[in-house]
Every structure is written in structure tokens, then in C-alpha cells.
There are 2 protein chains.
Amino acid sequence: MTQEWSTSAGVDLYVDLLPGEGRREGLERALRDAIRGGRLAAGERLPATRVLAAELGLSRGTVSGAYDQLVAEGYLLARHGSGTTVAHVPRAATHHVRRPAARPRHDLRPGTGDMNAFPVQEWLRSVRRALTSAPAAAFGYADDLRGRPELRAALADYLGRARGVAATPERIVITSGYTQSLVLLARVLGSGSGRFAMEDPGLPYHRELVRHAGAEPWPLPVDKLGADPRALPDDVSAVVTTPAHQYPTGVTLHPSRRRALIEWARSADAVVIEDDYDGEFRYDRQPVGALQAMAPDHVVYAGTAAKALAPALRLGWMVLPPRLVDPVLAELRLSTLETESLGQLALADLIATHGYDRQIRAVRARHRRRRDLLVGAIAAFPALSSAGISAGQHILVTLPADGPEESEVIDAAAQRGLALSGLAEHWHASHASHASPRAKGLVVGYGAPTETGYQRALDVLIDVLRQLYG
Amino acid sequence: MTQEWSTSAGVDLYVDLLPGEGRREGLERALRDAIRGGRLAAGERLPATRVLAAELGLSRGTVSGAYDQLVAEGYLLARHGSGTTVAHVPRAATHHVRRPAARPRHDLRPGTGDMNAFPVQEWLRSVRRALTSAPAAAFGYADDLRGRPELRAALADYLGRARGVAATPERIVITSGYTQSLVLLARVLGSGSGRFAMEDPGLPYHRELVRHAGAEPWPLPVDKLGADPRALPDDVSAVVTTPAHQYPTGVTLHPSRRRALIEWARSADAVVIEDDYDGEFRYDRQPVGALQAMAPDHVVYAGTAAKALAPALRLGWMVLPPRLVDPVLAELRLSTLETESLGQLALADLIATHGYDRQIRAVRARHRRRRDLLVGAIAAFPALSSAGISAGQHILVTLPADGPEESEVIDAAAQRGLALSGLAEHWHASHASHASPRAKGLVVGYGAPTETGYQRALDVLIDVLRQLYG
């Protein structure tokens, strides 16, 4: 139904009812739009309800109800003796357009997996099973900020079995991912004067998170044996490390360094944050068990569902030393409150029914093939070598010191539509003086492309490298 | 399969394979457990691989593989000439038990809805439709931190239609709920010297959030017309208000106050944060449209799915003045990164297929019946009166100044297993001197109990009131 009319003030007003909308609602909407759009200006006087009702073929009560409503909302002013006038309301703002960054044609940057691998049907089955059997209270605010008991129980079992973590449900806290886990820990451990030792090179985003949360990063050198804790200063309250597959060098932390790190944490009564980045994705032999089990009272184990399932789930977990559980929950309560529960229930079901293990095996097999193709391609260039190939979703391709600059390689690839990442962005600004000089290298991720897109991305990479090193 | 054996060091080791576990994994697990449990002590020497292999009926390669693995993990030390010994590893921590608070037998506190009303089947249908039609990229990290475009488009339409909000998808940011929305705004607007004017009385948790985020709450007086902005000091950078149904008094903000608030925001170039608490749940007449539409460049509209669907979803949204979009996203990026996407896709589907409107109508009808029962029960006591009854999931029962103290009523109810909330906890510690004296009252929520539990809770409430006011 469309009705068109002219008020005595000369304004054309279209009352075009939406499905299910009553006459009064339609009139109110038309008046609001006219006021916000500027067709009815501030101070303008509206026709008497009797006049307007007659023009529109509506009851007078409908019109006066609409006027009352808009007076209550502040669009109209009703004054005794002077009728109903339009209040001062700003014009509707024009659209403010922000475009997200365009995706590159080929993407061999690290940090993301192949999202076509997400097991949609299996996840939907878990969601259905979980929600139809969940108690009503599961849909309310959580009784326990740590997260759903079903998921914490499933994770305690899974992490013990698959990663050798010393986990009990009581010391597990569910978060929205490693980002939130690290931020909560930095707020708890980094407030005051405690610095955070963070691997150099490492992910710059993580240093940003720590700094924004009020802690100061300190560059922890990484060499062929992994992170080197020997020169840690006294005021470091936590060490953040990726022992299973160091990001970005790919080194697995050496047993002597594992011991040194644990000994430091014990003697300094400090905390090691074990980012179990890629821990479940080791290809050529059995995974190295979690560092956390060596000293569960000094190591925080942090993991996520981003690699095995999807980053979009926003589900992560921490296994905490008991003394940190309450301080971390206090921070969680004052930043987001509990983590989303329905995904937690579905993940608990997926783990308990072994779908999570199946998914990890499938992703591991897929990535191992990709890794083999990539390492094979690099092996054709005698000037280059691959490192950190035993696990994860990226390798480090080291570039010869006397060849082209890292940025030249990345630019040459970008011109062909291939996005690459280099080591350069991963170094701390204050590179540790006691560390080795900064090396040149490409951090090549093999997770992002689709199965067919991967081979095309590799072909472009080989072409670019042939141009520069062939 | 269970194997029992004694090592030459006199330790009983049980190798009990889990389903799907290989012999070597089982042996490794048994060794780890024995070391962590203290049955194999630091310094103890393990039998030679040849000896152990014979005892266990395993190949020597299996045993030496397990030893190597545990050396890599730091449980064992291998030294040339002295064989394999147990490293120093702390004993497994005992369970650290924290019990969540017990639920009361009857609960008439505000803040939560009846979780039996969650539309499980309809939600599952939306999840299925959304996930089977989602592009693969939806499972990865978000291209746009504001949230899924499907949900922002659905919300822009819905909020315009149902709440009169001037919304475009570009200025909507999805968060994990009002908690995160308020924290992000307090970090953006409250850093430096800006104070946050917050209604007095109001929810103490929200004051805590603002204070923790670095802004200082200022008590904004509330009277019969709602929040009173007339005495706002110069250093206030934002006003936080619940205009549709003030929490906890239940007042709907008067048109004159709406205008005064907007005029203040414009002249001070400051921001009003409109917490549209209960905006969709008005019973006796049409909802009052959102304040935001009066000044979309000065008002943040904040809503959530907690009331209509479930708090456990952790989905909220803000419609922001354009200049705040980037600062809010910068804070979001450094606290949790984007909000969980799969729930966003499902909610977008539920809104687009009108399931969300149906759910709101169903919840509104259910709560209106409950409200009527509660108001009817209170009307039997001439000393008491009900206020703020036109919307939401709670009313304010004002208590006579010369009667029992608020805390006496709450204690009497608690003794009967009924949890109630009073006005007392809602006042700011620094109550505004220009405000009316603190009143006594009960903030009675009717959302939490089940349908059958609600009548029982009411019966207990009536009994308690009869004792004190009968």
C-alpha cells in the first residue's frame, strides 16, 4: 500500500507500509524519515491531526498516536496553543565507506590455514548434538567464567593425551583465542615493572598486544637451538615462547634450552608462556610434548582451535598455574566476560567423539604434502635453503647474504600478484646486542591457498626465484 | 592391553594402551606418568634399551625411540657413558578445586532471561543454512574487524525498522556483548582526563568496567523523568544512559531530557552512549525509538542478543558515529581481534528470515504475562508500589521509608531460598549532592525462573512481603 499526500506546509510525504507494519507505524516512519532527511525542517508546523487524518483516510486517533510517539522520541514538539512543530534533528549522515584491504591473487604468507578444510558437516553435527542436549542454563550467563565444564574436561583429556600437557579442568580457562590469552596474561603479569621476554625474531602483532596491555617486550634471542634464556635480565616477569615450532624460524626448542628455561622460571619464580603454535602439526616424527608438563606451576600452556578448525571460531585455551587462575579470571570479567558458550559445547562434542583428532590428521596430511612440494621447489636453487620444515604451516627460506635484498624478492613477487612475508618485519626494533646478526629470509606459509590455488602460487614463486637466483 | 613390569631400579611400570595408541606412545606415556608422579625419581638410571625391550616384549627400536622422545621433552637425560637417567621434573600438582557459586532455589534477581525460551531448533536451522552457504573465507581471520557483512547489513535494516536507529552497515561494529562494547568505548573516550557520566542508581558492574578501562565514573542523577544532564561538569567526555527503560528504576527518559542530552552532546562535542537495555521489550504501547537517531554523530547505540536470544551467544553491536569507528577497531584489534563469526552468520540468517522478530514477540508475550502477575501481587500491599513496569524484565518495588530496611527484606527472602536484589548496591559510592536522597527499593527481575518456577518464586515473595508489610 502506498499513500501520497501533501501537507498544508507543502511537504510530500509517502507512507509506504512494510510487510506486517500497521498504519500508525508506517506514518511514524514516514514522518521520521521526512524529518531526518530534511523534508520537514525544524520549526515547521504540522497539520492538525483532524486535517491530516482526513487527507490520509486514517482515524484521528492513529494520527495523534503517531504525533505523541514522535514527541516522546524528540522529533516533534507539542506546545499548548501552538500545535505540533518539528524539533531540531540533524540530517541523516551520509554513508561512511571503508573498504577492507583487497586479497592478493596468490598468498604464501604465514598465519592462516586452508579454510576449505573446515569440516562443515561434522561441525554441524556437533553443534546439533551439543545444543539439543545442553541444559537451559548453558544459554545464560556462565556460572563459571573459566568456560563450559564439558569443554574443559574434554581439553584436559585431549591435551594430556596429544600434547603431554599436565592439565586438569580446574586450571583451564577458555578465551576467544591466543590474542585474548596473551592480553590477559600481559595485564596480570606485566603490570608494574615486569618486562616480557619475547622471541627475536617473532610475530610483531604479539609484541604490540603486550605493549598495549602495559608490559614492555624484551628481545629474547633465537639461534639454531631455539630461544636462548641465558641472558635474561632480572626484571623479566614472563618469557613468551613457541617451543614446538618457533615462529618464524621453525626451530624446535633444544632439550638443553627447555631445561634452562624451566630452571630460570623456577629460580626467578617467574612464568613461561608456551604458545603451542603448530604443536599438533609435526610431520616427520612424533610431536615433542609440551614444555608445560615439566613445570606446570611455572608454565602457562596456550593453544587454540584456529589451526585445526578455524580462526573464525575464536576459541582458545590456557592451562594455568593454579595461582594465576583467579587473577586471569578477574581480568577476563572486566574485559569481555565469559567466552561464547555454544561453540564451546560444539567443540567439546567434537573432541569427545574424536572428530577433532580426525580433523587434525586430515589437516596434517594435507599440509605435509604441501610442505613436501614447497621444500622440493626450493631445493632446486642451490643458493637457497629451507629451515624449520619439520612442523607447522610455514618454512623459513634463508637468502644468501650477498644476493638481492629480502625486500627485492618480496617486491618482485608482489608484481606477479604473489604475497610473501620476509624476516625483516619480525625483528624487534631493539634487536638484542648479544644475538646473532639479523639474517635475510622469506617466511613462506603453505596454509592459505586452496588445493588448486597452491600449485599456481608455487609456480609463481618458482618463476620469481628463478629470475633472481636461477 | 596391559603390561606390567619391574625395572632393575625396582619401579613398577604399567603400560596400558589407550584406544588407537601405539606401543611406543603407550610406553612414553607410562614413563612420563611415572616421572611426574614421582615413581621414577630424578637421577634414577633407566635400564638399557636392550634389557627393557626384552622385559616388555617390544623391539629395541621402540624403546630407544621412546627414550629419545623423552630426552627431547626434557624428562630424561642421555649422557655418553652413563646411560639414560631421569631429569629433575616437578611432581604433578594436586587438583585445585574452585566451586562456582551455588544457584539459589528461587531467583527474582534482574539481569537474566528464561533460558528455556532459547529457540534451539530455529537457531540450528539458521546455523545450518549459514554455514553451508558461507564462503570458505568466512572461516578464516576476518577481512574486516567490524564483523561479518551479512550481520551488519541485517542489523542496519532491523535496527532501523524496529528501533528507529539511523544505522548503516559501515558504522556498525560487532562485539562480544555490551561488556566489551562499553570497555572499548571507555578506552577510546575515557583515556586522559575525560570522565564518564553514569546513571545513579545504575549497574555497579558497568562502573567497574569503566574504571578498569581507565575512565572515571561521575554520578548522573536519575529522577522521575530519567537521567538529568543539567549539572554535567565540563570534563565529562561521555554520558552512559539507558533511555528506553532505565536500569534499575525503570523510568523511560522524558522527551525534554532526551533533547537536553542531545543538546549537551552537541555543544560539548561529546558522546552519549545509549545502552538500549530492554528497548525491544515494551509492553503497553509502542516502543520509544532510539535516542541515537536524533544525533547519529553524537550518540553510540549499543545493543545485544542477550535478551532476545541468549547471553551465552556473546554477540553485541554498536552503531557508531563515523569518527569513532577506526579508534574502536584499533582497540578491538589489540584486545580480542574480531568477534566470533559463525554465530554472526547464524544471527544474520535468523534476522533475515524474521525468526529474530518472532522470538522477540514470543519473549515479550511471556514476560508481559509475568510482569502482570508480579504487579498484581505487589498491588495487594498498600504500603508498596511498583515502578518502571512498562518495559523490560524487571520492575522497581519501592519500599516505605518508615518500614523495614531494604536489607531486612532481602535477608528474609534469602532465608526462604529466594534471591532478591535491592537498590542499595546500585548507588554510586560518591552519590551526587544535587540528586534526590537515596530511596529504598527492591529490583525484582521476572526473567530468570522457568515458567513453573516463576509462580513458586512469586508465592515465596508474597509470603515474605506479607510477613513484613501484611
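First the proteins, then the strands, lettered A, B, ... as listed; each starts at 1.
- Both the backbone and the side chain of A:Y75 come within contact range of chain B, with heavy atoms under 4.5 Å apart.
- Among the candidates B:G140, B:A448, B:G164, B:S256, the residue making the largest number of heavy-atom pairs closer than 4.5 Å to chain A is B:G140.
- Counting heavy-atom pairs closer than 4.5 Å to chain B, the top residue among A:P255, A:A310, A:A290 is A:P255.
- Between chain A and the residues B:R32, B:H254, B:E28, the most heavy-atom pairs under 4.5 angstrom are made by B:E28.
- Heavy atoms closer than 4.5 Å to chain B are found in the side chain of A:F118, but not in its backbone.
- Side-chain contact between A:I35 and A:L76: present, with at least one pair of heavy atoms (C-beta onward) separated by less than 4.5 Å.
- To the nearest 0.5 Å, atom CG of residue A:D297 and atom CG of residue A:L320 are 11.5 Å apart.
- Residue pairs meeting the salt bridge (Lys or Arg N to Asp or Glu O under 4.0 Å) criterion with at least one partner in residues 329-342 of chain A, sequence neighbours excluded, are A:R187-A:E331, A:R333-B:E208.
- Neither the backbone nor the side chain of A:E263 has a heavy atom closer than 4.5 Å to any heavy atom of chain B.
- Of the listed residues A:L184, A:L291, A:T179, A:L309, the one with more heavy-atom pairs under 4.5 angstrom with chain B than any other is A:T179.
- Judged purely by atom type and a 3.5 angstrom limit, A:R258 uses its side chain to pair as donor or acceptor with the backbone of B:A72.
- Ranked by heavy-atom pairs shorter than 4.5 Å toward chain B, the options A:Q180, A:E73, A:H212 are led by A:E73.
- Contact annotation for A:L261: neither backbone nor side-chain heavy atoms come within less than 4.5 Å of a heavy atom of chain B.
- The greatest number of non-hydrogen atom pairs below 4.5 Å with chain A, out of B:L209, B:N116, B:L337, is found for B:L337.
- Interface residue A:R128: backbone and side-chain heavy atoms are both found under 4.5 Å from chain B.
- The contact between A:T339 and chain B is made entirely by backbone atoms, counting heavy-atom distances below 4.5 Å.
- Shown here are the salt bridge (charged side-chain N to carboxylate O under 4.0 Å, His left out) partners of A:D68, two or more places apart in sequence or in another chain: there are none.
- Using a 4.5 Å cut-off between heavy atoms, A:Q344 makes no contact with chain B at all.
- One distance of note links CZ of A:R125 with CD of A:Q121; it measures 6.5 Å at 0.5 Å rounding.
- Comparing A:D357, A:D114, A:T175, A:L342 by heavy-atom pairs within less than 4.5 Å of chain B, the highest count is held by A:L342.
- Proximity to chain B is limited to the side chain of A:V120, based on heavy atoms less than 4.5 angstrom apart.
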Self-check item: B:M294 and B:V299: CA distance, side-chain angles, deciding distance, side chain to side chain contact (heavy atoms under 4.5 Å, CB included) verdict
Solution: CA-CA 8 Å; B:M294 305 280 302; B:V299 180; over 6 Å; no

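- Contact count against chain B (heavy-atom pairs under 4.5 Å) is highest for A:L124 among A:L124, A:V183, A:L70.
- A:A306 touches chain B through its side chain: at least one heavy atom from C-beta onward sits under 4.5 Å away, while N, CA, C and O do not.
- Taken to the nearest 0.5 Å, the OG1 atom of B:T336 stands 4.5 Å off from the CG atom of B:L332.
- By number of non-hydrogen pairs under 4.5 angstrom with chain A, the leading residue of B:A134, B:P243, B:A136, B:G316 is B:A136.
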Quiz item: Where do B:R146 and B:L329 land on the side chain to side chain contact (heavy atoms under 4.5 Å, CB included) test, with the steps shown first?
Solution: CA-CA 7 Å; B:R146 286 176 294 192; B:L329 293 181; 3.5 Å; yes

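- Remark: A:R257 CZ to A:T252 OG1 distance equals 13.0 Å, nearest 0.5 Å.
- Of the two parts of B:L77, only the side chain, counted from C-beta on, holds a non-hydrogen atom closer than 4.5 Å to a non-hydrogen atom of chain A.
- Chosen from B:V71, B:V288, B:V127, B:L145, the residue pairing most often with chain A at heavy-atom distances under 4.5 Å is B:V288.
- Separating the CZ atom in B:R129 from the CG atom in B:L345 is a distance of 12.5 Å, to the nearest 0.5 Å.
- Each of B:L313, B:L334, B:T450 has some count of heavy-atom pairs under 4.5 Å with chain A, and the biggest count is that of B:L334.
- Side-chain polar atoms of A:S176 and B:R314 form no donor-acceptor pair below 3.5 angstrom.
- Interatomic distance, A:W123 CH2 to B:L131 CG, rounded to the nearest 0.5 Å: 9.0 Å.
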